[in-house]
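The structure appears right after this line, and notes come after that.
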Amino acid sequence: MTTAQTQELDVQPTPLALLLLGREADPKSERGVECPGDLPSPSDPDLVERARRAKEKLGNKVFVLGHHYQRDEVIQFADVTGDSFKLARDAAARPEAEYIVFCGVHFMAESADILTSDDQKVVLPDLAAGCSMADMATAEQVAECWDVLTEAGIAEQVVPVSYMNSSADIKAFTGKHGGTICTSSNAKRALDWAFEQGEKVLFLPDQHLGRNTAVRDMGMSLEDCVVYNPHKPNGGLTADELRAAKMILWRGHCSVHGRFSLDSVNDVRERIPGVNVLVHPECRHEVVAAADYVGSTEYIIKALEAAPAGSKWAIGTELNLVRRLANRFAPEGKEIVFLDKTVCFCSTMNRIDLPHLVWALESLAEGNLVNRIEVDKETEAFAKLALERMLALP
């Protein structure tokens, strides 16, 4: 239907319709697409040397963090590598660094800003490097959820536990309401603590990590868990369902880990006899239940380091890391493959490419602060409170 036809029918296209038709733009979804300055060409053969020179010029003024899921071309310039929380803590441990360049995604840079001093400036080379999971829970949606829990008469019994993979706003909500943050490594400890404080947990924003930890590690049943869908009235749940539940799981997931299926596990076992299946706890429950080993990114790396020569492994996590580990351990005779046949990178992680990194480093070397990530003071205070509760976990 043409615009003229819709006018004849007195139908006005919605903003979403116009966006899908390519006739409007959404500035929020397109943040970071344009840089205030020209990016180097991806085909520039001097990119590696330009990055090296800029980093060398900055010296101790810059500290580059590289998440495990980053491309090899970027990770080579990282001063430290690790998962999101380890990197944020590493940044806080380097107070002499004026600039923290975070090669990761938006929520990770926010966490680094929360944990570093006011004198340090956190830079994200591409502001469009977000996280689909973190974006599945907004402050407005979570506030509405809390109203639903209040109306059901259970809010005072509920302790929020938010995964590190969440926005600063969600971390602040968690801190304000007496909750804590968790990582994929300490989720059980965080939940043990939460159930000492209250009778129920609101787990944000990854339903799979919450479910897997509750059922696999804490002995709960699937019936103890309900899923709150922010896109349905009252989360799609009755007051009785909320009152009966122990774990109220937010309807969020990782777009990478959520791709792995039980078929993936069965298929790799048929193709590679004797294979060990090792997956991240962000995978679906049936995948985790069918795997031989389950653990965080750091757990996966350590498990492969300790694996005997000649062992075979299928890994259910982001492809950049799996390929890097496969190359690293091939000389030791360890066969490492991606769990799924379908190639799947984390698309938002991959937004941090060498041209963006070069642009950010060269800008800083010239005295131009770009793409700074700065959390407002009130949000920072409550988010830091939630993070400190995690750090105090036994």
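Computed from heavy atoms alone, side chains included, the values below leave out hydrogens, waters and symmetry copies.
Counting heavy-atom neighbours within 6.0 Å of Lys246 NZ, excluding the residue itself, gives a total of 12 or less. Few gaps surround CG on Asp376; more than 12 heavy atoms of other groups in view lie less than 6.0 Å from it. Around atom CZ of Arg71, more than 12 heavy atoms belonging to other residues, nucleotides or ligands sit under 6.0 Å away. Within a 6.0 Å sphere centred on CD of Glu156, heavy atoms belonging to other residues, nucleotides or ligands number 12 at most. Summarising the local packing, CD of Glu144 is surrounded by 12 or fewer heavy atoms from other residues, nucleotides or ligands at distances under 6.0 Å. Counting heavy-atom neighbours within 6.0 Å of Arg52 CZ, excluding the residue itself, gives a total above 12.
Under the 6.0 Å distance and 45° angle rule, Lys176 counts as a cation-pi partner of Phe382.
Judged as a ring pair (Phe, Tyr, Trp, His ring centres under 6.0 Å), and not counting sequence neighbours, Phe102 has no contacts.
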### Task
Please assess Arg243 against Asp240 for the test salt bridge (charged side-chain N to carboxylate O under 4.0 Å, His left out), listing each intermediate value before the final yes or no.
CA-CA 5 Å; Arg243 294 185 192 112; Asp240 286 342; 2.8 Å; yes

### Audit row: Lys188, Met218, side-chain contact (heavy atoms from CB on, under 4.5 Å) steps and yes/no
CA-CA 7 Å; Lys188 181 181 182 299; Met218 300 179 69; 4.0 Å; yes

### Audit row: Glu318, His280, side-chain hydrogen bond (donor to acceptor under 3.5 Å, both in side chains) steps and yes/no
CA-CA 9 Å; Glu318 205 273 342; His280 195 282; over 6 Å; no

### Query
Stepwise, does the side-chain contact (heavy atoms from CB on, under 4.5 Å) test hold for Val159 with Lys200?
CA-CA 6 Å; Val159 178; Lys200 304 172 185 294; over 6 Å; no

### Task
Take Lys377 and Asp118 through the salt bridge (charged side-chain N to carboxylate O under 4.0 Å, His left out) test and state the conclusion after the steps.
CA-CA 10 Å; Lys377 292 302 177 185; Asp118 292 342; 2.9 Å; yes

### Task
Starting from the C-alpha separation in whole Å, work towards a yes-or-no answer on side-chain contact (heavy atoms from CB on, under 4.5 Å) for Glu110 and Ser167.
CA-CA 7 Å; Glu110 285 183 329; Ser167 69; 4.0 Å; yes

### Task
Given salt bridge (charged side-chain N to carboxylate O under 4.0 Å, His left out), test Glu362 with Arg50 step by step and report yes or no.
CA-CA 8 Å; Glu362 289 184 338; Arg50 287 175 62 178; 2.8 Å; yes

### Task
Could you go through the side-chain contact (heavy atoms from CB on, under 4.5 Å) check for Ile315 and Val279 one step at a time?
CA-CA 6 Å; Ile315 311 299; Val279 304; over 6 Å; no

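Of the charged side-chain nitrogens involved, none lies within less than 4.0 Å of a carboxylate oxygen, so that Arg89 and Asp83 do not count as a salt-bridged pair. Using a 4.0 Å cut-off between a side-chain N of Lys or Arg and a carboxylate O of Asp or Glu, Lys121 and Asp113 do not qualify as a salt bridge. Salt-bridge formation is detected for the pair Arg94/Glu96: a Lys NZ or Arg NE/NH1/NH2 atom is positioned less than 4.0 Å from an Asp or Glu carboxylate oxygen. Checked for salt-bridge contact, Asp267 and Arg271 meet the test: a charged N lies under 4.0 Å from a carboxylate O. With respect to the salt-bridge test (charged N to carboxylate O, under 4.0 angstrom), the residues Glu366 and Lys57 do not qualify. Residues Asp79 and Lys55 are paired through a salt bridge, judged by an N-O separation under 4.0 Å between the basic side chain and the carboxylate.
By the 4.5 Å heavy-atom criterion applied to side chains, Trp250 and Ser162 are not counted as neighbours. In this structure the side chain of Arg328 reaches within 4.5 angstrom of the side chain of Glu305, judged on heavy atoms. Using a 4.5 Å heavy-atom cutoff, the side chains of Asp292 and Arg269 are in contact. Between Met349 and Asn320, the closest side-chain pair of non-hydrogen atoms is not below 4.5 Å. Phe63 has its side chain within reach of Leu65: a pair of non-hydrogen atoms, C-beta onward, lies under 4.5 Å apart. A heavy-atom distance below 4.5 Å is not found between the side chains of Lys232 and Arg251. Considering only heavy atoms from C-beta on, His253 stays 4.5 Å or farther from His257 through its side chain. Looking at Leu278 and Tyr299, their side chains come closer than 4.5 Å, going by heavy atoms from C-beta outward.
No hydrogens or angles considered: nothing links the side chains of Tyr163 and Thr183 as a donor-acceptor pair under 3.5 Å. Residues Asp224 and Ser221 bring a donor and an acceptor atom of their side chains to less than 3.5 Å of each other.
Remark: aromatic rings of Phe329 and Trp313 are distant, center separation not under 6.0 Å.
Hydrophobic cluster membership differs between Phe260 and Val215, with clusters built from Ile, Leu, Val, Met, Phe, Trp and Tyr side chains linked at under 4.5 angstrom. Clustering ILVMFWY residues whenever any of their side-chain heavy atoms sit less than 4.5 angstrom apart, transitively, puts Trp146 in a cluster other than the one holding Met247. Criterion: ILVMFWY side-chain heavy atoms under 4.5 Å apart, direct or through other members. Under it, Leu58 and Leu357 are part of a common hydrophobic cluster. In the hydrophobic clustering of ILVMFWY residues, with side-chain heavy atoms under 4.5 Å counting as a link, Met390 and Leu202 come out apart. Hydrophobic clustering, with ILVMFWY side chains joined whenever heavy atoms are under 4.5 angstrom apart, keeps Val158 apart from Met220.
Between the CD1 atom in Ile181 and the CG atom in Leu387 there is a gap of 5.0 Å [rounded to 0.5 Å].
In terms of heavy-atom proximity, Pro281 sits nearest to Gly295 at CD-O, 3.2 Å.
For the pair Asn327 (side chain) and Arg323 (backbone), a donor-acceptor distance under 3.5 Å is present.
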